[in-house]
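Residue numbers begin at 1 in each chain, while the letters A, B, ... track the order of the sequences. All values derive from a computational prediction rather than experimental measurement.
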Amino acid sequence: MSKVQRLKMAKPAKFDFIRTVQSHGWFDLLPFEFDEERAKLSFVAGSGVGTFVKCSVADGGETITVEVVGDEVNRAEIERQVRHILRLDESFELFYGMLEADKVLHWVPSRSSGRLLRSPTVFEDLVKTICTTNCSWAMTKIMVTNLVEKLGEPVGNRRAFPTPEVMASVPLEFYKDEIRAGYRSAYFVELAGRVAAGELLPEGWLTSVLTTAELKKEIKQVKGVGDYAAENLLKLLGRYDGLALDSWLRAQFYKKHCAGAACDDKKIAKHYHHFGEWKGLAIWCDMTEDWFE
DNA sequence: GCGTCCAGGTCTACC
DNA sequence: GGTAGACCTGGACGC
């Protein structure tokens, strides 16, 4: 029987747990699981001592409550990961200040929107982002589920997201036949191999001193990562200069601002230009305004 | 049942 | 730098 530990963590002034968890599709991808009825987000985290543990996070009113199931737990490491996935240390003051008088996005600060859920590691976010390219959301879920179910370390009745080392240990055919990743298979083999060998360090992108343009160029060196995927990952890293336009975002923009008619990407860029380095978050908030209505 | 299109794009070759 | 065509998969749709 594993031990259960409970932690309480301070909540930022402007913070909405549900809006953060359901800010985009990640909460619906394993190892994340969201119990809507209990408003509890579960995931599998590195314990900090070389093993994995099951975690569940909920809004405890004044605090954020965390339940950890596992025998060996480094509490500081668990707290760090919860802070990371919920972006508890990220300041949105400048963004909210910019929107107070905005005709369209004035609702964002009052509803504490804009925090985008992220995975415990950049590597996991990178792999998941590649799984979103050129396919339906249903296909993304199939690929991520297969990765976790077939390569993830078992943790009780759950599984962790596979490590770069484990992903690097299986051949191309495994990705094609078992993960159903199709042409992306070669990308995963190369990416996992480079990360496992220490040649590529995605976690370092979190604290990179490079400009966003330089960092985007570096991220695009990863095979399978183009403009959309790089800008999407940059948003998860806390850099919102890029719009990360994909077919869904374009379709939403056409519906909301062009009466359903398609328009050029340049028109979309111009529409959000005045938000400067926050434009990627501005378009996301704008396009998802009705998600919580 | 079968063919076609498309979905939270990217890569490569070519101009 | 811009563009065309190929690339895996599976679900939706029309016939």
Side-chain angles (χ1 to χ4, degrees), chain A residues 21-30 32 34 114 116-119 124-150 167 170-194 200 202 213 215-237 239-240 242-258 260-269 271-272 279-291:
Chain A
V21 170
Q22 298 192 307
S23 52
H24 63 128
W26 258 212
F27 74 92
D28 202 23
L29 296 177
L30 292 178
F32 280 129
F34 185 55
L116 303 177
L117 181 73
R118 52 188 177 185
S119 305
E124 183 176 330
D125 278 338
L126 176 56
V127 172
K128 284 176 173 173
T129 297
I130 293 174
C131 287
T132 67
T133 58
N134 196 26
C135 65
S136 62
W137 182 249
M139 195 60 220
T140 298
K141 284 184 74 171
I142 288 171
M143 284 186 274
V144 173
T145 299
N146 285 336
L147 281 169
V148 173
E149 296 293 341
K150 298 182 179 189
M167 283 187 66
V170 293
L172 181 75
E173 289 68 32
F174 184 88
Y175 288 98
K176 288 187 173 175
D177 302 338
E178 302 292 328
I179 307 300
R180 312 302 295 166
Y183 69 91
R184 300 170 198 80
S185 301
Y187 303 157
F188 292 140
V189 169
E190 184 181 319
L191 170 62
R194 289 178 65 197
L200 182 71
L215 187 54
K216 180 180 172 184
K217 199 173 171 187
E218 185 175 321
I219 293 171
K220 281 182 72 176
Q221 295 300 308
V222 175
K223 285 280 178 63
V225 175
D227 279 328
Y228 151 74
E231 290 179 2
N232 187 63
L233 191 70
L234 281 164
K235 283 186 187 180
L236 297 178
L237 292 170
R239 302 192 190 215
Y240 307 102
L243 296 175
L245 290 177
D246 55 25
S247 54
W248 183 84
L249 215 48
R250 287 188 183 94
Q252 295 301 309
F253 184 87
Y254 302 156
K255 210 186 296 177
K256 189 165 183 178
H257 296 295
C258 302
C263 69
D264 197 70
D265 284 357
K266 285 176 187 165
K267 183 178 175 181
I268 304 179
H271 187 93
Y272 295 98
K279 54 182 173 285
L281 200 50
I283 187 174
W284 188 257
C285 290
D286 194 17
M287 296 302 102
T288 59
E289 181 181 0
D290 60 356
W291 275 16

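- Rounded to a whole Å, the NZ atom of A:K128 is 18 Å from the P atom of B:dG9.
- Minimum interatomic distance between A:F188 and A:C131 (heavy atoms only, all atoms of both residues): CZ-SG, 3.6 Å.
- Across the P atoms, C:dG10 and B:dC11 are found 22 Å apart, a figure rounded to whole Å.
- Between the C1' atom of C:dG11 and the CE atom of A:M143 lies a distance of 14 Å, rounded to the nearest Å.
- Of all nucleotides present, only B:dC5 satisfies the Watson-Crick or G-U wobble test against C:dG11, with each distance under 3.5 Å.
- With distances taken from any side-chain atom of A:S247 to the nucleotides C:dG10, B:dC11, B:dG8, the minimum falls on B:dG8.
- Between the CD1 atom of A:I130 and the P atom of C:dT9 there is a distance of 17 Å, given to the nearest Å.
- Side-chain N/O atoms of A:S185 include none lying less than 4.0 angstrom from OP1 or OP2 on C:dC8.
- Rounded to whole Å, the separation between the P atoms of C:dA6 and B:dT4 comes to 15 Å.
- Proximity of a side-chain donor or acceptor of A:N146 to a complementary backbone N or O of A:I142 within less than 3.5 Å is detected.
- The backbone N or O of A:L191 lies less than 3.5 Å from no partner atom in the side chain of A:R194, so there is not a single donor-acceptor pair.
- Taking the C1' atom of each, B:dC5 and C:dC7 are spaced 15 Å apart, rounded to whole Å.
- Counting to the nearest Å, the P atom of B:dC11 and the CG atom of A:N134 are 11 Å from each other.
- Nucleic acid contact for A:A244: none, since no nucleic acid atom lies under 4.0 Å from a heavy atom of the residue.
- Residue order along DNA chain B, read from the 5' end via each residue's closest nucleotide, puts A:H24 first among A:H24 and A:G224.
- Relative orientation of the A:F253 and A:H257 rings is tilted, given thresholds of 30° and 60° on the angle between their planes.
- In this structure, A:L245 places its CG atom 12 Å from C1' of B:dG9, rounding to the nearest Å.
- When the C1' atom is compared between B:dT10 and C:dG11, the two are found 22 Å apart, to the nearest whole Å.
- At the phosphate of B:dA7, neither OP1 nor OP2 sits under 4.0 Å from any side-chain N or O atom of A:K141.
- Of the candidates B:dT10, B:dT12, C:dG10, B:dT12 carries the atom nearest the A:K223 side chain, counting heavy atoms from C-beta on.
- In this structure, A:W137 packs face-to-face on the six-membered ring of B:dG8, meeting both the 5.5 Å centre cutoff and the 30° plane limit.
- Separating the CG atom of A:L191 from the P atom of B:dT10 is a distance of 14 Å, rounded to the nearest angstrom.
- A:T133 comes within contact range of the sugar-phosphate backbone alone, with a heavy-atom separation under 4.0 Å but no base atom that close.
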Side chain to side chain donor-acceptor pair (under 3.5 Å) assessment of A:Y228 paired with A:T132: CA-CA 10 Å; A:Y228 151 74; A:T132 67; 2.8 Å; yes
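- On the C1' atoms, B:dC6 is 13 Å away from C:dC8, given to the nearest whole Å.
- A donor-acceptor pair under 3.5 Å is absent between the side-chain atoms of A:T288 and the main chain of A:W291, judged by distance alone.
- For B:dG9, its base sits under 3.5 Å from the side chain of A:Y183 at one donor and acceptor pair at least.
- In this structure, C:dA4 and B:dT12 make a Watson-Crick or G-U wobble pair, each of the two defining distances being under 3.5 angstrom.
- Atom OH of A:Y228 is separated from atom C1' of B:dA7 by 11 Å (rounded to the nearest Å).
- If you measure from atom NZ of A:K217 to atom P of C:dG1, you get 10 Å, rounded to the nearest angstrom.
- Here the nucleotide nearest the side chain of A:R180, chosen from B:dT10, C:dT9, B:dA7, is C:dT9.
- A close approach under 4.0 Å does not occur between any side-chain nitrogen or oxygen of A:R184 and OP1 or OP2 of B:dT10.
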